[in-house]
Amino acid sequence: MKKVAVIGAGSWGTALSMVLADNGYKVSLWSHRKEQADEILNEHTNEKYLPGVVLSDRIEGTSQLGNALDQAAAILLVVPAKAMRDVLRQIKSSLKQPVLFIHGVKGIEPGSFKRMSEVIEEEIPETLRTAVVVLSGPSHAEEVSLRHPTTVAVASSNLEAAKKAQDLFFNHYFRVYTNEDTVGVEIGGALKNIIALGAGILDGLGYGDNAKAALITRGLAEISRLGTKMGAHPLTFIGLTGMGDLIVTCTSIHSRNWRAGNLLGKGEKLDAVLQQMGMVVEGVRTAEAANALALKMNIEMPITAAIYQVLFDGKHPKDAVDELMDRDKKDEIAPLSHSLAEKIVREQ
Ligand SMILES: NC(=O)C1=CN([C@@H]2O[C@H](COP(=O)(O)OP(=O)(O)OC[C@H]3O[C@@H](n4cnc5c(N)ncnc54)[C@H](OP(=O)(O)O)[C@@H]3O)[C@@H](O)[C@H]2O)C=CC1
Ligand SMILES: O=C(CO)COP(=O)(O)O
């Protein structure tokens, strides 16, 4: 039986371990906390992150990275974005053979503002990795753990590697598409969390469906503007990892980003909100990264800027909405078709 090392035993690492176990793989699920690894190994549960779910005995918890990596056919990284580089450094010092790296992280590295595949390529030498793949799409861990129908994409510039990842995860409830646009998939997956915070804020303020539809659609427009400028394919943003993930994250109570936004919209302060959540809320740090990237690359991202100001500058959420609504008149499609035209010119 082939083995996969899953690095990060939160909700998503645990749910993806269940998919791999259902597909017949042995899974070594690494936690940086021994008591959590022991719970997974001995009780077959992960109560903090997936309460009430019983894990397959093909999933073994471990807090020893060397054990997790030993003989692994692939490594799946599912730690918060801010922990990625440190965890990769630990992996590099324990890894003995080249292996396929897959990550399911929807964030940008704080400070460097790098995408996760860039961080992996910087930290893991080519002699220790066969390829890097990102797995993303509309997929709440809670629903995957109930084996509810779910679709995701696996993206890599190396299509053969993406197909290997597709083979690892594909099954009758977890449908996996390949995609060759790593930049678009990573940018869509990370930045939708900012918009999900915004959706929660709107709900917290008591606004309705019109406002949320506007936020999702215009949020996607600005994500596409930035992503396309970074080299992404514009069509990726209307796929699973763009529009698909926006829909699921902006409309679901499972979303931690939506829930955090909802508390902010009701008037709670960011520190108190994050303390209550007790799980990663990637959109907060990603708002900082996206706002900085937009300024650096001279891309208009008014929704991201407004959410950044609510999070870090103490702007009242209602004032942020009012200011967004009162901006200058605009054409809906023209700025998007400019980005598309620029992309076509670049590729000629
Ligand atoms: N949950 C979901 O439905 C989905 C999540 N994702 C993405 O997956 C990534 C992980 O999210 P998710 O599993 O939900 O997060 P959770 O908050 O559920 O879990 C995070 C896990 O990472 C661990 N961790 C935190 N810091 C470190 C560190 N420095 N070193 C090692 N481990 C660490 C936590 O341990 P501890 O308990 O000690 O804090 C915990 O086990 C995020 O980027 C998220 O956007 C993507 C798709 C779906
Ligand atoms: O990415 C997700 C679903 O696709 C999970 O979103 P949250 O991190 O907001 O819970």
Side-chain angles (χ1 to χ4, degrees), residues 6-19 29-37 39-40 46-51 53 61-63 65 68 76-91 102-110 115-116 119 134-146 148 150-154 169 174 185-186 188-200 240-262 273-287 289:
V6 176
I7 306 302
S11 341
W12 195 218
T14 308
L16 286 175
S17 296
M18 292 176 70
V19 176
L29 177 53
W30 176 82
S31 169
H32 67 156
R33 282 190 295 116
K34 186 174 182 318
E35 65 275 22
Q36 191 193 21
E39 180 197 337
I40 293 166
N46 187 356
E47 275 306 316
K48 175 174 177 199
Y49 289 107
L50 280 182
V53 170
T62 178
S63 57
L65 202 48
L76 172 68
L77 296 149
V78 225
V79 291
K82 69 174 184 339
M84 182 67 122
R85 195 177 288 275
D86 179 53
V87 167
L88 285 167
R89 286 181 182 164
Q90 296 176 51
I91 289 175
I102 306 168
H103 84 80
V105 180
K106 293 176 178 169
I108 305 270
E109 187 179 46
R115 292 178 288 105
M116 290 296 110
V119 178
V134 48
L135 183 153
S136 188
S139 48
H140 287 304
E142 295 81 352
E143 294 185 10
V144 172
S145 73
L146 294 172
H148 285 183
T150 300
T151 51
V152 297
V154 282
F169 289 98
F174 201 75
V185 167
E186 289 188 314
L191 270 62
K192 63 87 187 169
N193 286 330
I194 308 170
I195 307 301
L197 280 167
L240 291 170
T241 62
M243 183 49 99
D245 214 352
L246 273 170
I247 294 171
V248 92
T249 323
C250 292
T251 62
S252 170
I253 50 157
H254 290 312
S255 165
R256 285 84 45 96
N257 287 284
W258 179 89
R259 292 207 307 267
N262 193 243
V273 169
L274 294 180
Q275 212 155 8
Q276 280 179 63
M277 296 300 301
M279 291 189 193
V280 67
V281 182
E282 293 278 23
V284 174
R285 286 296 147 211
T286 307

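As the structure lists them, so they are numbered: ligands from 1, and atoms in each ligand from 1.
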Gly137 touching ligand 2 at heavy-atom level, < 4.0 angstrom: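 Yes, Gly137 has a heavy atom closer than 4.0 Å to ligand 2.
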
Non-hydrogen atom of Lys192 closer than 4.0 Å to ligand 2: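 Yes; Lys192 lies near enough to ligand 2 that a heavy-atom distance drops under 4.0 Å.
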
Distance-only donor-acceptor check, side chains Asn46 and Gln36, under 3.5 Å: yes

Can you confirm, on distance only, whether ligand 1 has an N/O atom lying under 3.5 Å from any N/O atom belonging to [X]?
{"X": "Asp86", "result": "no"}
{"X": "His140", "result": "no"}
{"X": "Trp12", "result": "yes"}

Ligand 2 N/O within reach of Trp258 N/O, cut-off under 3.5 Å: no

Polar atom proximity, His140 to ligand 2 (N or O, under 3.5 Å): no

Option set Gly10, Pro80, Gly13, criterion heavy-atom distance to atom 22 (O) of ligand 1, minimum: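 The nearest heavy atom belongs to Pro80.
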
Option whose closest heavy atom lies nearest to atom 1 (N) of ligand 1, chosen from His103, Met116, Arg256: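 That would be Arg256.
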
Proximal atoms of ligand 2 relative to Lys106 (non-hydrogen, under 4.0 Å):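 Taking each heavy atom of Lys106 in turn, ligand 2 has 1 (O), 2 (C), 3 (C), 4 (O) under 4.0 Å.
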
Ligand 2 atoms in contact with Ser139 (distance to a heavy atom under 4.0 Å):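 Reading through ligand 2 atom by atom, the close ones are 3 (C), 4 (O).
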
One residue to check: [X]. Relative to ligand 2, which of side chain, backbone, both or neither has a non-hydrogen atom less than 4.0 Å away?
{"X": "Val248", "result": "side chain"}
{"X": "Ser255", "result": "both"}
{"X": "Asn257", "result": "both"}

Top protein contact for atom 16 (P) of ligand 1, by heavy-atom distance: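 Nearest protein contact, heavy atoms only, for atom 16 (P) of ligand 1 is Tyr49 CE2, 3.6 Å.
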
Atom 48 (C) of ligand 1: nearest protein contact (heavy atom, Å): Ser139 O, 3.1 Å

